[in-house]
Amino acid sequence: MYNTEPNRITVDSEDLDVKATLECGQLFRFEKTDVGYTVKSGGNTCRITSVGKEIYIDTAAVDFFVNFFNLDRDVNRTKRELSRFPELTDAIASCGALRILRQPLFETIISFIISANNNIPRIKMIINRICAAFGDVFPNPEQLAGMQIRQLDALGCGYRSQYISDTSRICAETDILNRLFAAHTADAQKLLISLPGVGQKIADCVTLFSLGRLEVFPVDTWMFKTQREGTETELQLRTRLMNKYGAYAGYAQQLLYYYNAILRKGQ
């Protein structure tokens, strides 16, 4: 599926659809370049280019990005498992080897708190400003908790400043991050929802995009618009689709989101 050497990971394009993976709403710290993409996570950076059928991920943090891109998972097997659902046929055919990332937990929590009632360019801008304040590195809980509310306001966080400050302090002063890794999915989500600024949708995104719990199905505006049946509430829609797609519900969600919101642009 992939090969590694000093400062480079090589992946077959059949095992990694870079555009779908980066642009499906799970990641904010990336930029498109003339030759590919630049991706940042924590204090690590990689540059992605493609030549023919090979994807090159150039980085000094090879092991980090092997894990980050979840390269040990056979996503094509996952797609085959979901191919029995006719409504996913077009999405599966269009999305290539979209991968669910394994992002750093604290960074993911804060990033999705920032994402609430926000748009992608502004989310990216705020996160980039926070990282710039710490030398282009996403801060740890202690560092972010040490920022004043007025400093977060100045970075554009708005009403989220208090949530970010309070959640950072809790993560710095308790063992909640370790508990999240160890907890079963339902318990992890209860812990996440106990954090200021975290509701069900953010909890679902964190458990899917950081903890790798593929059984969750985040319901955002696009999911509610395109997947709702009758007068379903968001919770009813979420429950129905988690039951339907089972262990691969989160992967189905990303396929549906990318296909409907990005490729078809909500048509």
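Please read all numbers here as calculations on a predicted model, not as lab measurements.
Checked by atom type and distance alone, the side chain of Gln151 pairs as donor or acceptor with a backbone atom of Gln148 at under 3.5 Å.
With contacts defined as side-chain heavy-atom distances shorter than 4.5 Å, the pair Ile127/Arg29 qualifies.
Linking Ile, Leu, Val, Met, Phe, Trp and Tyr whenever their side-chain heavy atoms come within less than 4.5 Å puts Ile110 and Tyr159 in one cluster.
Between Phe217 and Tyr245, the ring planes are parallel. Angles under 30° get that label, and only those over 60° would be called perpendicular.
Here Lys40 pairs with Asp136 in a salt bridge; the nearest charged N to carboxylate O distance falls below 4.0 Å. Salt bridge Arg179/Asp187: absent, no basic N to carboxylate O contact under 4.0 Å. A salt bridge links Glu87 with Lys244: the distance from a Lys NZ or Arg NE/NH1/NH2 to an Asp or Glu carboxylate oxygen falls below 4.0 Å. One finds a salt bridge joining Lys19 and Glu23 here, because a Lys/Arg side-chain nitrogen approaches an Asp/Glu carboxylate oxygen to under 4.0 Å.
Asn76 and Glu14 are not linked by any side-chain donor-acceptor pair at a separation below 3.5 angstrom, with hydrogens and angles left out of the test.
The CZ atom of Phe69 sits 13.0 Å away from the CZ atom of Arg102 when rounded to the nearest 0.5 Å. Atom CZ of Phe181 is separated from atom CD1 of Ile176 by 12.0 Å, given to the nearest 0.5 angstrom.
Cation-pi geometry between Lys124 and Phe30 is met: the NZ or CZ atom falls under 6.0 Å from the ring centre, inside 45° of the normal. A cation-pi contact, defined as under 6.0 Å to the ring centre and within 45° of the axis, links Arg8 to Tyr56.
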Between Arg213 and Thr185, is a side-chain hydrogen bond (donor to acceptor under 3.5 Å, both in side chains) present by the stated rule, with each step listed? CA-CA 7 Å; Arg213 312 297 172 82; Thr185 300; 3.2 Å; yes

